There are 2 protein chains.
Amino acid sequence: MKGIRQLAEHLDISIGTVSRALNGKPDVNEETRRRVLAAAEELGYVANQSGRSLRQGETKVIGLMIESSAEAVENADNFFLGVTSGLQSVFARHKLDLIMLPCPSDEDPHEYLKRIVARRIVDAMIISNMQRIDRRIDLLSRAKIPFVAVGRSLSPGNFPWIDLDFEGVADRAVERLVARGHRRIAITAPSSEVNLGYVFIESYRRALARHGIAFDPSLVIRVKSSEQGGYQAAHELLLLEERPTAVILIYELMAIGLYRRLMETGVVPGRDLAVIGFRDAPRARFLNPSLSCFRMSLYDLGVALGQTLLANVPAYRAFYPDAGRNVVWPLELMPGESDAFEIGTAKRSSSPSG
Amino acid sequence: MKGIRQLAEHLDISIGTVSRALNGKPDVNEETRRRVLAAAEELGYVANQSGRSLRQGETKVIGLMIESSAEAVENADNFFLGVTSGLQSVFARHKLDLIMLPCPSDEDPHEYLKRIVARRIVDAMIISNMQRIDRRIDLLSRAKIPFVAVGRSLSPGNFPWIDLDFEGVADRAVERLVARGHRRIAITAPSSEVNLGYVFIESYRRALARHGIAFDPSLVIRVKSSEQGGYQAAHELLLLEERPTAVILIYELMAIGLYRRLMETGVVPGRDLAVIGFRDAPRARFLNPSLSCFRMSLYDLGVALGQTLLANVPAYRAFYPDAGRNVVWPLELMPGESDAFEIGTAKRSSSPSG
DNA sequence: CCAACATTCGTAAACGTTTACGGAGTGCGT
DNA sequence: ACGCACTCCGTAAACGTTTACGAATGTTGG
């Protein structure tokens, strides 16, 4: 089956009527519509997307931009795959398809997106891995391509985003550790160039301040958010003159490497060092000791992202009247054994400067 | 910038000449070409893909179909992300873009692919997760869409594929374990409906036969290829009346769960039970004891897939004269501590029936 | 019986490109 | 002066759809 023209000839009906019948337009006889649909099914006709896109100016495709950097691969992140199913559950209602756009690791993400946008391959975009200053926001705004970002950015402009509640996590993690007597609490984070690396540490700093604990820069460990990074973090941590009694990991996967290094040196996690993780739980269940972890449902996050996005594209806005434009996504604490101990009261009452 | 028409008017040149200039056609004055390229750059013009696709009948986009099933998400597989970078390194030379097509978990993969194909969104496809009988092969062949499959299938037809060397892995794993005195060797695999689950076990069975060891069905553990599956596998393994002394895992990630369950029951991996893993190494380095593992370079595999695919696309065939059409991809053994011990010679010389 | 309207369908333009074809201009040899 | 080849460029058709417009037919109301 070639195109709508052959289908029309086969039915001995005009091409316009066939199109109207297939697209559910009102002004077509129901009997005719039935015949057309039957013939289309039989001959396996589906409208050519290029022709349709060209005429309508839309592709019915939503893009999800991801990075395929070496680090992303190493992290073996299931984040996007998890979010994908939630997104698709929303898009399916509107017969929208989702494609993932992996930005080559040797290409500038901004240039890559520019090409995708210019080629008009997608109607809307989901972007992530936000930089503190991210030109993609300006690019998409100018091109009038609706989008939603996973994560905030300092770039100007009021754009839709959903961000994880880093502030809440840092706050509650510190709170929880302090309540157990910890005063020297280390934390890991990526470079402060990515927005997350900046925000997380700032929240941590504020949380410490609220408990009257002085901020010690040497307790901020900048490593990659991977197992290897966790190993590295443990290594650096153990070299510190005054060893911390707790550590907050920005990525739960790091715990595997961290545990490994700790074991090597005879330090027992959950007894000698409290550990709190972040972002995903299934993994954490299999660690020993089990990891205390802030988790969320990737599926639900995907649904929210889909709704927020579609609330910003005119054709679907009406379906999502109360989708949030800017959402701080809450995380739930799953307590484990990795921080289930208390520091002696002697240290608890020591001076803040100690 | 709207389209080529505006660009042509701005330059006061005909639209045809602009197109020829941009596409590197020969019959255009070099000075004119320079002007056109400069103006296009300045005004940020990029050809609309729908218009181009419609005219040329090709999209310059290659699709990589992946499954976003719950299990795939849980596995947090970095397989596709890793392959992606290798693929893109090949595609970049031809200015082809790669998109990932996540099949919704509640949709039939065959129907999903049918829709994508009919819409003519991609010029070529990479499919994976092959079923023993996989209708997608017939679908793509009929639609005359070039493709390459990751994995073999029993479906008829001579199609391009690259498959991991399961036979070699089973063979060498058994060989290695037998050399260390093992006779009761368990193995894990997914359902025999997916081709891999069938082939892997058959290879294992043949390898055993070569060493005169009887095949014991109770030693084949059918569990999910995930951490949880590993936990489950260890559980079932420990319940066996005559406990095996070694186990071959089809997916290295399972080792995490397996170790966990073993520890819980006081069985020490690498001393009481030999473990050999499969597919990816970075993780394995952080296990304790370190996992003996058959590994490969995902990047190289991606490159090979890209070349084999393009060798089947007429326009690019000439670039890849000696790309293999059917490749059995070799894996390299990275020895670890998890199987670095020998079984006592007493058992070694026991009767085959024992 | 005619106007007004509803229903159903065909016609043709438009979307943005690429490309076959031919025309205009130039230079060259005869 | 003429034909020829060559270089460069404009014209228009084609790709497969959707959709505004109007035509044809049947129906209703006065």
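Chain A is the first sequence line, chain B the second, and so forth, proteins listed ahead of strands; every chain is numbered from 1. Computed from a prediction, not measured in an experiment: that's the story for all the values here. When reading the values below, keep in mind they use all heavy atoms of this one structure, side chains included, and skip hydrogens, waters and symmetry mates.
Of the possible polar contacts, none joining the B:Asn312 side chain to the B:Gln307 backbone as a donor-acceptor pair under 3.5 Å is found. The closest donor-acceptor contact from the side chain of B:Arg325 to the backbone of B:Asn158 lies under 3.5 Å. No side-chain donor-acceptor contact under 3.5 Å links A:Thr308 to the backbone of A:Ala323.
You'll find the side chain of A:Met65 stays beyond 4.5 Å of the side chain of A:Val122, heavy atoms only.
Side-chain nitrogen and oxygen atoms of B:Ser14 include none within less than 4.0 Å of the OP1 or OP2 phosphate oxygen of D:dC9. For the OP1/OP2 pair of C:dT18 and a distance below 4.0 Å, the side-chain nitrogens and oxygens of B:Ser19 include at least one atom meeting the criterion. For C:dT7, neither phosphate oxygen OP1 nor OP2 lies less than 4.0 angstrom from any side-chain nitrogen or oxygen of A:Asn29. Within the 4.0 Å cut-off from OP1 or OP2 of D:dT18, at least one side-chain nitrogen or oxygen of A:Arg52 is found. For B:Gln6, no side-chain nitrogen or oxygen approaches OP1 or OP2 of C:dG16 to under 4.0 Å. Checking the phosphate oxygens (OP1, OP2) of D:dC15, no side-chain nitrogen or oxygen of A:Asn48 falls inside 4.0 Å. At the phosphate of C:dG10, OP1 or OP2 sits under 4.0 Å from a side-chain N or O atom of A:Thr17.
Residues B:Arg119 and A:Gln49 share a closest heavy-atom pair of O-CB, 2.9 Å.
A:Glu9 has its CD atom 12 Å from the P atom of D:dG16, to the nearest Å. Following rounding to the nearest Å, B:Arg119 (CZ) and D:dG16 (P) show an atom-to-atom distance of 17 Å. Rounded to a whole Å, the CD atom of B:Glu58 is 11 Å from the C1' atom of C:dT18. Rounded to whole angstrom, the span from the CG atom of A:Asp27 across to the C1' atom of C:dT7 amounts to 9 Å. As a whole-Å value, the separation of A:Leu54 CG from D:dA14 P is 17 Å. Regarding A:Ile15, its CD1 atom lies at a distance of 21 Å from the P atom of C:dT8, rounded to whole Å. The distance between atom CD of A:Gln49 and atom P of C:dG16, rounded to the nearest whole Å, is 16 Å. Following rounding to the nearest Å, B:Ile121 (CD1) and D:dG16 (C1') show an atom-to-atom distance of 15 Å.
Taking the six-membered ring where tryptophan is involved, the planes of A:Tyr316 and A:His94 are tilted, since the angle between them lies from 30° to 60°.
Candidate nucleotides C:dT17, D:dC9, D:dT17 were compared by shortest atom distance to the side chain of B:Val28, and D:dC9 ranks first.
For a distance-only test at 3.5 Å, the side chain of B:Arg20 qualifies as a donor-acceptor partner of the base of D:dG10. With hydrogens and angles ignored, no donor-acceptor pair under 3.5 angstrom links the side chain of B:Arg55 to the base of C:dT17.
Position along DNA chain C of the nearest nucleotide to B:Ser50 versus B:Lys25 favours B:Ser50 as the more 5'-ward residue. Taking for each of A:Asn23 and B:Gln56 the nucleotide of DNA chain D with the nearest heavy atom, the 5'-most of the two is the partner of B:Gln56.
Backbone-only engagement by B:Thr32 is indicated by non-hydrogen atom pairs under 4.0 Å involving sugar-phosphate atoms exclusively.
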